[in-house]
Amino acid sequence: MYNFKEVEKKWQDKWDKEGTFNAKDDYNMPKWFGLIEFPYPSGQGLHVGHPRSYTALDIVARKRRMQGYNVLYPIGFDAFGLPAENYAIKNHIHPKITTEQNIAHFKEQLKSIGFSFDWSREINTTDPNYYKWTQWIFIQLFKKGLAYKATMPINFCTGCKVGLANEEVVNGVCERCGSPVVQKEKSEWMLKITEYAQRLIDDLDDVDFLDKIKAQQKNWIGRSEGAEINFKIKDTDDALLVYTTRPDTIFGATYMVISPEHKFIEKHKDMIENLDEVKEYQEKAAMKSEFERSELNKEKTGVELKGIKAINPLTNEEIPIWISDYVLITYGTGAIMAVPAHDQRDYEFAKKFNLPIKQVIKDKERDLKELTEAYTDIENGIAINSGFLDGLGSKDAIDKAIDYIEENKIGTRKVNYKLRDWVFSRQRYWGEPIPMVYCEDCGWVPIPEEELPLKLPEVKDYEPGENGESPLSKQTEWIKTKCPHCGKEARRETDTMPQWAGSSWYYLRYMDPHNDKALASKEALEYWSPIDWYNGGMEHTTLHLLYSRFWHKFLYDLGIVPTKEPYQKRTSHGMILGENGEKMSKSKGNVINPDDIVDEFGADAFRVYEMFMGPFDQTAPWSMESIRGCSKFLDRVWNLQDILVDGNEYSKEFEVMMHKAIKKVTKDIEEMKFNTCVSTFMTMVNEFSKAKKINKKEYETFLQLLNPFAPHMTEEIWEKLGHKEQLAYTPWPKYDEEKTVDEMIDLPIQVNGKLRANINIKKDEEQDIIKEQVHNEEKIKAYISGKEIVKEIYVPNKIYNIVIK
RNA sequence: GCAGAUAUGGCGGAACUGGUAGACGCACAGGACUUAAAAUCCUGCGGACUAAUAAUCCGUCCCGGUUCGAUUCCGGGUAUCUGCACCA
């Protein structure tokens, strides 16, 4: 009987003691760097979702070692973050302590599953020796003008009086207290990711990411092409600048709309006749909670700025200006020219406020008659009522309109992105201190690099201030410092970095984790870059993945890293749902604890099941019944020892099966089709059991193939077979293409495309001989006798089809 | 609304570039072993129709098309999931 508890412990201890899976410092070997997203060590411990991703790349890593690569498969902890801080506020335990405890627990759990991580390179983002370099990168960003202070609206909880991260706003209310969340202006550190927007799109062409990941990133960056156009304001020298992707519709612009936050209002308040009404609308918009905003979709609201008119530069008509919150201050110029006939939002607004709707595009074929909604078809549209644009298709009209606008100095061609700069400040304790000092005379000055790391001070009180200031703002002693530039009294920044900071470059640190001179040595960076394969969750596609690509590109520009992109290949895993098919959550009571599984079935069964449960990239519900099947399978693998016979070559009987299996497993692992690998293993075991024999060579090859999936049991059997060296570094089995095909084949025969019989033929048999055999087949005779044969189709070794009338 | 994905037995799923649909596993049923249970082993298992067989028909979300042949390709729809969402 197989005792998984004993065996698994034995090998885990051995691996730990001997550092079996540590990467080698031999830079002449071919390398392979596999990466999984390092976990946040939460108090709940490991989730069954973590091992899905970790096992998958563990399998690839183990296979690569057997294929002779110097493998780096590292692990660490992304340990700054809110839960630890919230826990500290409630229980007055320093986040450092809970973090340490949680990490200890995670390590124990991870080791119990037998991942082949290189534990000698473990990192932790809260370690000052680590965040020293996070701070250092920030300073470089500042020096290049990519980090700047700006006043930004943030989420502010009206109950807790605290600034919240987006993740803490759930349905427009505070996650903790349920109070409404409003926008509040705050001075924040920003990172200019927008500067890299185009490169973040373009360089996706050079990497091997799943298409859906590329699509989602492009979508998020949201490039659009159009023009910025100035609309003169009547009786002033001023103009209102708008952004549009449809300059061809400008003849149909019958009014303008600016966002409630637009500076235009303050500037021209003397001209506005209904200023009180306008102010009231502005205030309402500011007070509107996130919840109301997401609710509001339906009805448009707005107020006209009375007493002011703009002039459509193409029609020279006077048009009114409105304010409305359907125009966003954060996109384009915060102002639009409204073309109600050809933009659905403008159409709805115009209908509600009885503004003129002027059609300037017709359809190539259809008669649009009275518009009941905006006509926006760019493919079939043709300009009308548009002067010099008349008769042009929309695409040509756009180009011609922009040319005209540029020639007449009314505006310019312009590319816009939805991507916004990255709000980098958090009014929080448990994060990397931002290494900046404010001096009355010199402004913001970075602390000297030799003073890094700027350590997080010890505090007793983790509560934020009355107005949402960082807890660090109460550390008056710590704040007080000298300006590194002029030496005058100055104060430190009290905001900290977001959790995304430490994870934006962690993969680089793995290459050379103990270096105290640089974030990693030049040699290590040259050798290990780029990451060959990075697997992680889809939920990080537009956050972590994009942020780290941005930082990497910045470091590339500084000449620090050798590649434009950090990750050569990116894949993602599907989520594991609870047994009821719903997302696992404590409140639903459907959480599966990995410890329980390992305890009951063992790590190998756990690993095999996670790979067998379904296609790797798709969500799959957990099943306690199915895992038992995997556990049973492993027992049968163990029991094959009872029917072991001698044999240093594959037996005739199993030769083809062995070569086929090696081929399939070798290929399927690369394609992440782990589920079919496991079913291949199961089929093999069935065959050996049926034959009541397996020879040594067959067993050994089988164990080598299975080893990445079930490393403990396979090592144990390997040792029992008399091997002194570990299986983990034996060469990966090879197959012979010619031997992957059976000599005799069952050839299906169809009549009119329906299967009617099977005949047994020799592989690559002459067609004439097969034809004769087919026509002699009794079943087939019955179908074709007396019928006219129209056609006979033979696909060699695949199928034979007879078409009759 | 935009983007992406998915749809196959009671369940999870398999099927290479268009070539035997349902591999493998779970559940279920029957049998062997056992005083008994568990474990293990063997057999069956998409549906309809016959007596259980042979034969036949239907069957991969729906409708249509291409083809000797379609889960796979094309056109049109439906449903579910994920992300983003008044982005001008």
Side-chain angles (χ1 to χ4, degrees), chain A residues 1 210-216 218-220 222-224 226 242-247 249 253 257 259 293-294 296-298 300 324-328 330-339 342-346 348-349 376 416-420 538-539 541-542 574-575 577 581 583 608-609 612-615 617-630 632-633 635-636 639 664 667 673 675-686 689-690 746-758 779 782 790-804:
Chain A
M1 196 52 208
L210 292 181
D211 286 342
K212 61 176 172 179
I213 296 174
K214 288 188 183 182
Q216 207 168 306
K218 281 184 189 162
N219 212 233
W220 180 261
R223 180 193 157 98
S224 69
V242 303
Y243 174 71
T244 178
T245 55
R246 295 297 301 273
T249 63
V257 187
S259 76
R293 265 187 204 194
S294 52
L296 110 176
N297 270 340
K298 302 271 147 50
K300 296 267 184 293
S324 172
D325 59 8
Y326 85 88
V327 173
L328 309 174
T330 47
Y331 186 77
T333 62
I336 61 157
M337 63 174 205
V339 185
H342 307 293
D343 181 283
Q344 189 58 25
R345 295 151 302 183
D346 297 344
E348 285 163 19
F349 192 82
T376 57
N416 249 323
Y417 302 92
K418 287 188 209 169
L419 184 71
R420 301 189 215 156
M538 268 321 269
E539 70 275 18
T541 303
T542 53
M575 217 186 354
L577 305 174
K583 209 168 163 174
V608 168
Y609 174 63
F612 184 59
M613 64 195 302
D617 60 344
Q618 280 169 38
T619 51
W622 186 268
S623 163
M624 273 305 182
E625 278 162 347
S626 292
I627 191 174
R628 199 156 275 123
C630 293
K632 220 152 70 177
F633 156 72
D635 284 340
R636 299 181 69 199
N639 291 338
K664 181 158 179 61
K667 185 158 155 270
K673 290 160 80 175
N675 52 336
T676 54
C677 290
V678 175
S679 66
T680 301
F681 298 141
M682 288 173 167
T683 308
M684 290 170 88
V685 171
N686 289 345
S689 301
K690 223 189 287 172
D746 265 345
L747 186 75
I749 304 164
Q750 298 183 333
V751 178
N752 282 350
K754 291 199 172 183
L755 177 73
R756 296 302 180 190
N758 273 301
K779 285 180 187 162
V790 182
K791 207 194 237 183
E792 292 183 52
I793 296 144
Y794 177 55
V795 183
N797 302 323
K798 283 265 166 73
I799 204 155
Y800 198 104
N801 191 11
I802 302 173
V803 186
I804 56 170

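Labels below follow one simple rule: chain letters A, B, ... track the order of the sequence lines, proteins then strands, and each chain is numbered from 1. Hydrogens, waters and symmetry mates are skipped; everything else that's a heavy atom, side chains included, is used.
For the pair Lys791(A) NZ and G69(B) P, the interatomic distance rounds to 9 Å; values are reported in whole Å. Between Leu577(A) atom CG and U6(B) atom P there is a gap of 16 Å when expressed in whole angstrom units. Regarding Ile802(A), its CD1 atom lies at a distance of 17 Å from the P atom of U20(B), rounded to whole Å. Between the NZ atom of Lys418(A) and the P atom of A88(B) there is a distance of 6 Å, given to the nearest Å. Straight-line distance from the CG atom of Asp617(A) to the C1' atom of C81(B): 14 Å, rounded to whole Å. Between Asp346(A) atom CG and A88(B) atom C1' the separation is 7 Å, expressed in whole Å. The interatomic distance linking Tyr331(A) (OH) with A85(B) (P) rounds to 14 Å, in whole Å. Atom CD of Glu348(A) and atom C1' of C86(B) are 9 Å apart (whole Å).
In this structure, Gly629(A) reaches the sugar-phosphate backbone alone: every heavy-atom distance under 4.0 Å involves primed, P, OP1 or OP2 atoms, never a base. Looking at heavy-atom distances under 4.0 Å, Val242(A) makes no contact with the nucleic acid at all. Contacts of Ser623(A) with the nucleic acid, taken as non-hydrogen atoms under 4.0 Å apart, are absent. Using a 4.0 Å heavy-atom distance criterion, Gln750(A) is classed as a base contact. Within the nucleic acid shown, Ser224(A) comes within 4.0 Å of sugar-phosphate atoms alone, with no base atom in reach, counting heavy atoms only.
Side-chain atoms of Val327(A) lie closest to A88(B) of the nucleotides U20(B), C57(B), A88(B). The side chain of Val795(A) lies closest to G19(B) when the candidates are C57(B), G19(B), U40(B). You'll find that the side chain of Thr244(A) is closest to A88(B), out of A88(B), A3(B), C26(B). Closest contact between the side chain of Leu328(A) and the listed nucleotides U20(B), A88(B), A3(B) involves A88(B). Distance from the side chain of Arg636(A) is smallest for C41(B) among the nucleotides C57(B), A88(B), C41(B). Considering only the side chain of Asp343(A), A88(B) comes nearest among U20(B), U40(B), A88(B).
Judged by distance alone, the side chain of Asn801(A) and the main-chain N or O of Gly753(A) form a donor-acceptor pair under 3.5 Å. Using a distance-only test at 3.5 Å, with no hydrogens or angles considered, a donor-acceptor pair links the side chain of Thr676(A) to the main chain of Lys673(A). Side chain of Asn639(A) to main chain of Asp635(A): a donor-acceptor pair is present (N/O by atom type, distance under 3.5 Å, no hydrogens or angles). Between the side chain of Asn752(A) and the backbone N or O of Ile804(A) there is at least one donor-acceptor pair closer than 3.5 Å.
Contact annotation: side chain of Glu539(A) to base of G83(B), donor-acceptor pair absent below 3.5 Å. For a distance-only test at 3.5 Å, the side chain of Lys300(A) qualifies as a donor-acceptor partner of the base of C86(B).
When the side-chain nitrogen and oxygen atoms of Lys212(A) are compared with OP1 and OP2 of A5(B), none of them lie within a distance under 4.0 Å. Taking only side-chain nitrogens and oxygens, Arg628(A) never comes nearer than 4.0 Å to OP1 or OP2 of A39(B). Applying the 4.0 Å criterion to OP1 and OP2 of C58(B), one finds that Lys754(A) has a side-chain N or O inside that range. Proximity of Asn686(A) to the phosphate of G25(B): a side-chain N or O atom is located under 4.0 Å from OP1 or OP2. The phosphate of A88(B) has neither OP1 nor OP2 within less than 4.0 Å of any side-chain N or O from Tyr243(A).
Looking at heavy atoms from C-beta onward, Tyr794(A) lies in side-chain contact with Leu747(A) at the 4.5 angstrom threshold. Counting only heavy atoms from C-beta outward, the side chains of Thr249(A) and Met337(A) approach each other to under 4.5 Å.
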Can you name the atoms? Protein N/O to nucleotides 10-17 of chain B N/O, anything below 3.5 Å, with the distance.
| from | atom 1 | to | atom 2 | distance (Å) |
| --- | --- | --- | --- | --- |
| G12(B) | O2' | Met613(A) | O | 2.5 |
| A14(B) | OP1 | Asn675(A) | ND2 | 3.0 |

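Spacing between G59(B) and G64(B) at atom P, rounded to whole Å, works out to 12 Å. Comparing the C1' positions of G76(B) and A27(B) gives a spacing of 39 Å, expressed to the nearest Å.
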Seminar exercise, completed: RNA chain B in dot-bracket form (Watson-Crick or G-U pairs under 3.5 Å, [ ] crossing, | inter-strand) is (((((((..(((......[....))).(((((.......))))).(((.......)))..(((((..]....))))))))))))....
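Within a 6.0 Å sphere centred on CG of Asp211(A), other residues, nucleotides and ligands contribute 12 heavy atoms or fewer.
Residue whose closest nucleotide on RNA chain B sits further toward the 5' end, between Lys779(A) and Met538(A): Lys779(A).
In terms of the side-chain contact (heavy atoms from CB on, under 4.5 Å) criterion, residue partners of Asn416(A) (sequence neighbours excluded) are, by chain and number, Ser224(A), Tyr243(A), Tyr331(A), Lys414(A).
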